[in-house]
Chemist: 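Pasting in a structure now, in structure tokens, and then I'll have a few things to ask.
The first residue of the sequence shown is numbered 1, and numbering continues consecutively from there. Indexing begins at 1, ligand by ligand and atom by atom, following the structure's order. Atoms considered below: every heavy atom in the structure, side chains included; atoms not considered: hydrogens, waters and symmetry mates.
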Amino acid sequence: MKIVLIGAGNVGYHLGQRLVEVGHQVVQVFSRTTTKAVRLARLLESSPVDILNSVIWTADIYIIAVKDDAIREVAEKLSQRLPQRALVVHTSGSTPISVFEGLFDNYGLLYPLQTFSVARIADFTSIPIFVAGNIDENRDTLFHFAETLSPNVYHIEEEKRPYLHLTAVMVNNFTNHLYTIASDILKDKNIPKEAILPLIQETAKKVLFHEPEDVQTGPAARGDEKVIEKHLSLLSTFPEAQEIYKHLSASIKERKNKLNGSHN
Ligand SMILES: NC(=O)c1ccc[n+]([C@@H]2O[C@H](COP(=O)([O-])OP(=O)(O)OC[C@H]3O[C@@H](n4cnc5c(N)ncnc54)[C@H](OP(=O)(O)O)[C@@H]3O)[C@@H](O)[C@H]2O)c1
């Protein structure tokens with residue numbers, strides 16, 4: 001397929017490389033920041049563009065990987081340049097495909113559910129890709145296209161997708177925020193971060209084999225109130241973390257109580 005990649009951020013960087021790796025041709029890379037367009041285009045043996053009006057109109061798929069709030073604006077500008085029949089997709093978990101409504105006849109979604117950073121390697125052979133299309137034909141085209149990028153391709157209904165994205169934020173962004181808080185506390189007390197890394201790994205591994213609820217441990221799950229009070233007092237100099245600790249402990253306790261109630 002001939003692809004125009006719009007956006008040279010984290011997703012553009014990794015998706016672009018995967019496209020080339022499996023044999024697609026990234027004919028152009030657009031970024032409003034010229035240096036970024038040039039850098040990624042060089043890596044993909046492609047042509048850089050920094051003006052949407054210079055995007056070629058003969059590509060098979062236009063992939064928009066820009067910040068969510070800019071998708072509509074970019075699509076509007078593109079629609080002034082491209083034929084209405086062009087197939088245009090975005091890569092956002094949280095933006096409905098109706099963002100393209102009225103601009104193009106053929107549009108959809110190509111959402112790789114993984115956390116991408118330029119500094120990390122992305123292994124697409126283990127990254128699920130979710131697709132959607134405004135009509136069945138586009139959905140099927142995107143499904144087959146996505147299958148060239150990953151062995152794990154799923155169709156996701158538009159009404160279900162917000163829940164998928166919501167849970168992705170919880171398990172990835174929120175968990176990572178807790179790592180950040182933990183790291184701050186360890187730094188403050190001069191304890192090496194490495195001390196908790198095996199625990200992070202084991203916690204993540206456990207859910208591969210068990211229901212998360214079944215392997216919940218810790219003072220809140222046990223009902224060890226004195227330990228909880230102690231922790232809250234230790235967190236008095238970290239008021240934001242104290243609030244989070246309180247809320248999460250209360251939620252764990254409530255869940256445990258419900259579970260115990262249902263077993264009685
Ligand atoms: N990162 C992830 O883990 C991940 C995973 C799955 C899906 N996604 C989705 O993929 C999309 C891109 O995410 P990302 O992580 O690659 O973002 P990113 O690294 O922050 O890159 C965003 C890109 O959007 C461009 N941009 C921002 N505002 C723009 C505008 N008004 N006009 C034109 N370009 C604009 C930026 O250009 P400049 O560099 O010039 O500012 C940059 O190239 C988002 O929809 C996101 O939800 C992200």
Chemist: Any idea which protein heavy atom is nearest atom 48 (C) of ligand 1, and the distance to it?
Modeler: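 Atom 48 (C) of ligand 1 sits closest to the protein heavy atom Val11 CG2, 3.3 Å.
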Chemist: Tell me which protein heavy atom sits closest to atom 46 (C) of ligand 1, plus the residue, atom name and distance to 0.1 Å.
Modeler: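 That would be Asp68 OD1, 3.4 Å.
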Chemist: With respect to Asn138, which candidate in Thr141, Asp140, Asn134 satisfies the side-chain hydrogen bond (donor to acceptor under 3.5 Å, both in side chains) definition?
Modeler: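 Going through the options one by one, the only one that passes is Asn134.
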Chemist: Please assess Leu78 against Ile6 for the test side chain to side chain contact (heavy atoms under 4.5 Å, CB included), listing each intermediate value before the final yes or no.
Modeler: CA-CA 10 Å; Leu78 265 186; Ile6 293 156; 3.4 Å; yes
Chemist: Report yes if the side chains of Arg161 and Phe130 come closer than 4.5 Å at any heavy-atom pair, otherwise no.
Modeler: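 No, their side chains stay 4.5 Å or more apart.
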Chemist: Which residue supplies the protein heavy atom nearest to atom 40 (O) of ligand 1, what is that atom called, and how far is it?
Modeler: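 Here the closest protein heavy atom is Thr33 OG1, 2.3 Å.
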Chemist: Kindly identify the option in Val66, Val118, Ile71, Thr115 whose heavy atom sits closest to atom 25 (C) of ligand 1.
Modeler: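 Comparing heavy atoms across Val66, Val118, Ile71, Thr115, the nearest one to atom 25 (C) of ligand 1 lies in Val66.
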Chemist: Given Arg32, Glu73, Arg72, which one has a non-hydrogen atom that is nearest to atom 26 (N) of ligand 1?
Modeler: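 Among Arg32, Glu73, Arg72, the closest heavy atom to atom 26 (N) of ligand 1 comes from Arg32.
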Chemist: Can a non-hydrogen atom of Tyr13 be found less than 4.0 Å from any atom of ligand 1?
Modeler: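 No; Tyr13 lies far enough from ligand 1 that no heavy-atom distance drops under 4.0 Å.
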Chemist: For residues Ile228 and Tyr245, determine if any side-chain heavy atom of one lies less than 4.5 Å from a side-chain heavy atom of the other.
Modeler: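 In contact.
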Chemist: Suppose we measure from atom 21 (O) of ligand 1 to each protein heavy atom; which comes out shortest, and what is that distance?
Modeler: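 I find the closest protein heavy atom is Gly9 CA, 3.4 Å.
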Chemist: For atom 20 (O) of ligand 1, what is the nearest protein heavy atom, given as residue, atom name and distance?
Modeler: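 In this structure, atom 20 (O) of ligand 1 has Asn10 ND2, 4.8 Å as its nearest protein heavy atom.
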Chemist: Can you report which non-hydrogen protein atom sits closest to atom 7 (C) of ligand 1, along with the distance?
Modeler: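 Looking only at protein heavy atoms, the one closest to atom 7 (C) of ligand 1 is Thr91 O, 3.1 Å.
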Chemist: Mind running salt bridge (charged side-chain N to carboxylate O under 4.0 Å, His left out) on Lys77 and Glu73 for me, showing each step along the way?
Modeler: CA-CA 6 Å; Lys77 285 187 190 153; Glu73 174 197 327; 3.4 Å; yes
Chemist: If only side-chain N and O atoms count, and only distance matters, is there a donor-acceptor pair under 3.5 Å linking Ser117 with Asn10?
Modeler: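 Judged by distance alone, the side chains do not pair up.
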Chemist: Could you list which atoms of ligand 1 come closer than 4.0 Å to a heavy atom of Val74?
Modeler: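 Taking each heavy atom of Val74 in turn, ligand 1 has 32 (N), 33 (C) under 4.0 Å.
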Chemist: Does Ala65 reach ligand 1 with a nitrogen or oxygen that is under 3.5 Å from one of the ligand's nitrogen or oxygen atoms?
Modeler: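 Min N/O separation from ligand 1 is not below 3.5 Å for Ala65.
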Chemist: State, yes or no, whether a side-chain contact exists between Leu142 and Leu109 at a heavy-atom distance under 4.5 Å.
Modeler: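 A side-chain contact under 4.5 Å is absent here.
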Chemist: Would you say the side-chain atoms of Asn152 and Ser126 include a donor-acceptor pair closer than 3.5 Å?
Modeler: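 No, no side-chain donor-acceptor contact under 3.5 Å.
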Chemist: Which atom pair, heavy atoms only, marks the closest approach of Ile127 to Ala122?
Modeler: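 For Ile127 versus Ala122, the nearest heavy atoms are CD1-CB, 4.2 Å.
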Chemist: When you measure from atom 5 (C) of ligand 1 to every protein heavy atom, which one gives the shortest distance, and what is it?
Modeler: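 Minimum-distance protein heavy atom for atom 5 (C) of ligand 1 reads Gln114 O, 3.1 Å.
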Chemist: So is Phe116 polar-close to ligand 1, meaning N/O to N/O under 3.5 Å?
Modeler: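 There is such a contact, yes.
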Chemist: Only heavy atoms of Ala70, strictly under 4.0 Å: list the atoms of ligand 1 that pass.
Modeler: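 Answer for ligand 1: 28 (N), 29 (C), 30 (C), 31 (N).
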Chemist: Quick one: does Ile64's side chain get under 4.5 Å of Phe100's, heavy atoms only?
Modeler: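 A side-chain contact exists here, since the closest heavy-atom pair is under 4.5 Å.
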Chemist: Looking only at protein heavy atoms, identify the closest one to atom 43 (O) of ligand 1 and say how far it is in Å.
Modeler: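 Answer for atom 43 (O) of ligand 1: Ala8 N, 3.3 Å.
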Chemist: Out of His165, Lys67, His90, Lys36, whose heavy atom is nearest to atom 22 (C) of ligand 1?
Modeler: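 Minimum heavy-atom distance to atom 22 (C) of ligand 1 goes to Lys67.
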